[in-house]
K.L.:
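The structure follows.
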Amino acid sequence: MDIGVISVRYARALLKSATDQKLEDAVYQEMQLMAKSYVEVPQLRQTIDNPMLSKDKKESLLLTSVGGTPTALTRAFIGLVLKEDREPVMQFIANSYVTLYRQQKNVIRGRLITAARVSPATEQKMRRMVESKTNGTVEFETEVNPDLIGGFILEYIVWMPQ
């Protein structure tokens, strides 16, 4: 079985459990933090993949990667992943959960790049414009790029039903 299939199956099961327990938003925040931790601390993956490291230490690291005080569901899920020796795909599971959550909740990722900082009101206006066009909720990242002569760049991705 390949990594993509495994990670999506685990992520789908976690999302279903989280939705049943009305914890999907909290688990989403935790999985985003975990995915970000893997990107910002490349040694995390190497450490989690190390067969010499005890499961307790791996669990402690993974719990720290989600903010240190996870929901009981996330704590139990990490325990299950470790019990089943699936920790090498934990990064992929976290990313898959984030993707599945966004699809389920119709969350649109957007990025606004401007030549100079814009006011919160302008940013909110851009967010509302994208939301009105997509009928979704927008998660916005803003970026200032002084190399732009003027104007702005607005990027967003819309999930299409399959």
Side-chain angles (χ1 to χ4, degrees), residues 1-42 44-45 48 61-81 84 86-145 148 151-162:
M1 208 175 268
D2 79 49
I3 291 171
V5 171
I6 293 167
S7 61
V8 169
R9 284 184 180 171
Y10 274 79
R12 195 171 280 134
L14 178 59
L15 182 58
K16 180 164 182 7
S17 290
T19 302
D20 290 347
Q21 296 178 36
K22 308 227 182 307
L23 293 171
E24 68 271 22
D25 298 338
V27 174
Y28 173 63
Q29 296 299 320
E30 293 167 350
M31 291 299 114
Q32 280 187 306
L33 269 174
M34 181 181 285
K36 186 177 178 185
S37 294
Y38 270 100
V39 170
E40 291 178 354
V41 184
L44 177 60
R45 181 171 177 80
I48 295 298
L61 284 170
L62 290 171
L63 292 173
T64 301
S65 77
V66 297
T69 54
T71 60
L73 178 60
T74 297
R75 181 179 293 279
F77 182 76
I78 288 171
L80 172 70
V81 168
E84 298 297 325
R86 296 295 192 187
E87 62 269 20
V89 296
M90 194 66 218
Q91 178 180 11
F92 301 103
I93 293 170
N95 285 319
S96 295
Y97 182 93
V98 168
T99 300
L100 291 170
Y101 175 92
R102 287 178 180 155
Q103 288 173 340
Q104 178 176 305
K105 299 285 188 172
N106 196 24
V107 175
I108 310 301
R109 298 274 314 181
R111 189 166 79 150
L112 176 63
I113 306 168
T114 57
R117 184 160 305 288
V118 295
S119 70
T122 302
E123 185 179 326
Q124 188 63 24
K125 186 176 181 180
M126 298 297 279
R127 181 187 319 274
R128 281 194 305 270
M129 181 189 71
V130 174
E131 287 176 346
S132 72
K133 300 277 187 214
T134 62
N135 296 321
T137 304
V138 176
E139 288 182 353
F140 238 30
E141 289 180 27
T142 58
E143 181 181 323
V144 175
N145 182 347
L148 289 178
F152 62 90
I153 299 170
L154 177 63
E155 300 173 333
Y156 61 93
I157 299 172
V158 179
W159 296 106
M160 301 303 283
Q162 296 178 354

K.L.:
Any side-chain heavy atom of V41 within less than 4.5 Å of one from K36?
P.N.:
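A side-chain contact is absent here, since even the closest heavy-atom pair is not under 4.5 Å.
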K.L.:
Who pairs with R111 by side-chain contact (heavy atoms from CB on, under 4.5 Å), at least two apart in sequence or on another chain?
P.N.:
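Partners of R111 by the side-chain contact (heavy atoms from CB on, under 4.5 Å) criterion, ordered by chain and then number, come out as I113, E141, E143, E155.
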K.L.:
Would you name the heavy atoms of N106 and T134 that are closest together and state the gap between them?
P.N.:
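The answer is ND2-O, 3.7 Å.
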K.L.:
Measuring only between side-chain heavy atoms, which start at C-beta, is I6 closer than 4.5 Å to Y10?
P.N.:
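Result yes, sub-4.5 Å side-chain heavy-atom pair found.
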K.L.:
First locate atom OG1 of T99, then atom CZ of R109, and finally report the distance between them rounded to the nearest 0.5 Å.
P.N.:
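It is 10.0 Å, given to the nearest 0.5 Å.
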K.L.:
How far does CG of L80 sit from CG of L14, to the nearest 0.5 angstrom?
P.N.:
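Going from the CG atom of L80 to the CG atom of L14 covers 10.0 Å.
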K.L.:
Is the shortest heavy-atom distance from the side chain of Y156 to the side chain of V138 under 4.5 Å?
P.N.:
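No; the side chains remain at least 4.5 Å from each other.
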K.L.:
For residues 125-145, pull every pair meeting ring pair (Phe, Tyr, Trp, His ring centres under 6.0 Å), keeping only residues two or more places apart or in separate chains.
P.N.:
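Counting only pairs at least two positions apart or across chains, no ring pair (Phe, Tyr, Trp, His ring centres under 6.0 Å) contact touches residues 125-145.
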K.L.:
So, do E139 and Q32 sit near enough that their side-chain heavy atoms are less than 4.5 Å apart?
P.N.:
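Yes. Closest side-chain heavy atoms under 4.5 Å.
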K.L.:
Would you name the heavy atoms of T114 and L148 that are closest together and state the gap between them?
P.N.:
C-CD1, 3.8 Å
K.L.:
So, using salt bridge (charged side-chain N to carboxylate O under 4.0 Å, His left out) as the criterion, who are the partners of E131 when residues are at least two apart?
P.N.:
none
K.L.:
Over all heavy atoms of both residues, which pair between V144 and A115 is shortest? Give the atoms and the distance, please.
P.N.:
CG1-O, 3.6 Å
K.L.:
Does some side-chain heavy atom of M126 sit less than 4.5 Å from a side-chain heavy atom of E123?
P.N.:
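The answer is no, as the side chains (C-beta and beyond) never meet within the 4.5 Å cut-off.
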K.L.:
Please identify each residue that fulfils salt bridge (charged side-chain N to carboxylate O under 4.0 Å, His left out) with E84, with sequence neighbours left out.
P.N.:
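So E84 forms no salt bridge (charged side-chain N to carboxylate O under 4.0 Å, His left out) with any residue.
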K.L.:
What residues, two or more places apart in sequence or in another chain, satisfy salt bridge (charged side-chain N to carboxylate O under 4.0 Å, His left out) together with K133?
P.N.:
none
K.L.:
Give me each pair satisfying ring pair (Phe, Tyr, Trp, His ring centres under 6.0 Å) with a member in residues 98-133, each pair once, sequence neighbours excluded.
P.N.:
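Matches after skipping sequence neighbours: Y28-Y101.
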K.L.:
Indicate the atoms forming the closest heavy-atom contact of G136 with I108, along with that distance.
P.N.:
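Taking every non-hydrogen atom into account, CA-CG1, 4.3 Å.
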K.L.:
Should T137 and K105 count as side-chain neighbours, where that means a heavy-atom distance under 4.5 Å?
P.N.:
no
K.L.:
Which heavy atom of M90 sits nearest to which heavy atom of Y38, and what is that distance?
P.N.:
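So the minimum-distance heavy-atom pair works out to CB-OH, 3.6 Å.
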K.L.:
Using a 3.5 Å cut-off and no angle test, enumerate the donor-acceptor pairs between side-chain atoms of residues 61-73 and protein atoms at least two apart in sequence or in another chain.
P.N.:
unit_1: T64; atom_1: OG1; unit_2: S60; atom_2: O; d: 2.8
unit_1: S65; atom_1: OG; unit_2: L62; atom_2: O; d: 2.6
unit_1: T71; atom_1: OG1; unit_2: E30; atom_2: OE1; d: 3.2
unit_1: T71; atom_1: OG1; unit_2: T74; atom_2: N; d: 3.1
unit_1: T71; atom_1: OG1; unit_2: T74; atom_2: OG1; d: 3.1

K.L.:
Please enumerate all residues that pass side-chain contact (heavy atoms from CB on, under 4.5 Å) together with S7, with sequence neighbours excluded.
P.N.:
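Checked S7 against side-chain contact (heavy atoms from CB on, under 4.5 Å); matches are F92, I93, S96.
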K.L.:
Taking the side chain as every heavy atom from C-beta outward, state whether R12 and Y97 have any pair of such atoms under 4.5 Å apart.
P.N.:
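A side-chain contact is absent here, since even the closest heavy-atom pair is not under 4.5 Å.
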K.L.:
Considering the options E24, K16, K22, which one meets the side chain to side chain contact (heavy atoms under 4.5 Å, CB included) requirement together with D20?
P.N.:
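By the side chain to side chain contact (heavy atoms under 4.5 Å, CB included) criterion, D20 pairs with just one of E24, K16, K22: K16.
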K.L.:
Test of understanding: with salt bridge (charged side-chain N to carboxylate O under 4.0 Å, His left out), list the residues that count as partners of K125, not counting sequence neighbours.
P.N.:
none
K.L.:
Just jot down the side-chain contact (heavy atoms from CB on, under 4.5 Å) partners of V39, sequence neighbours excluded, or say none.
P.N.:
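For V39, no residue satisfies side-chain contact (heavy atoms from CB on, under 4.5 Å) once neighbours in sequence are set aside.
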K.L.:
Looking only at atom types and distance, does a side-chain atom of T19 sit under 3.5 Å from a main-chain N or O of L15, one as donor and one as acceptor?
P.N.:
yes
K.L.:
State, to 0.1 Å, how close R45 and P88 come at their nearest heavy-atom pair, and which atoms those are.
P.N.:
NH1-O, 3.2 Å
K.L.:
Please identify each residue that fulfils side-chain contact (heavy atoms from CB on, under 4.5 Å) with S132, with sequence neighbours left out.
P.N.:
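Expected list: none.
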K.L.:
With sequence neighbours left out, which residue pairs that include part of residues 112-132 fulfil the ring pair (Phe, Tyr, Trp, His ring centres under 6.0 Å) condition?
P.N.:
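Every candidate ring pair (Phe, Tyr, Trp, His ring centres under 6.0 Å) pair involving residues 112-132 fails, so no pair, neighbours aside, qualifies.
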K.L.:
Counting C-beta onward and ignoring hydrogens, is there a side-chain heavy-atom pair between N95 and Q91 closer than 4.5 Å?
P.N.:
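Of all side-chain heavy-atom pairs linking Q91 with N95, at least one is under 4.5 Å.
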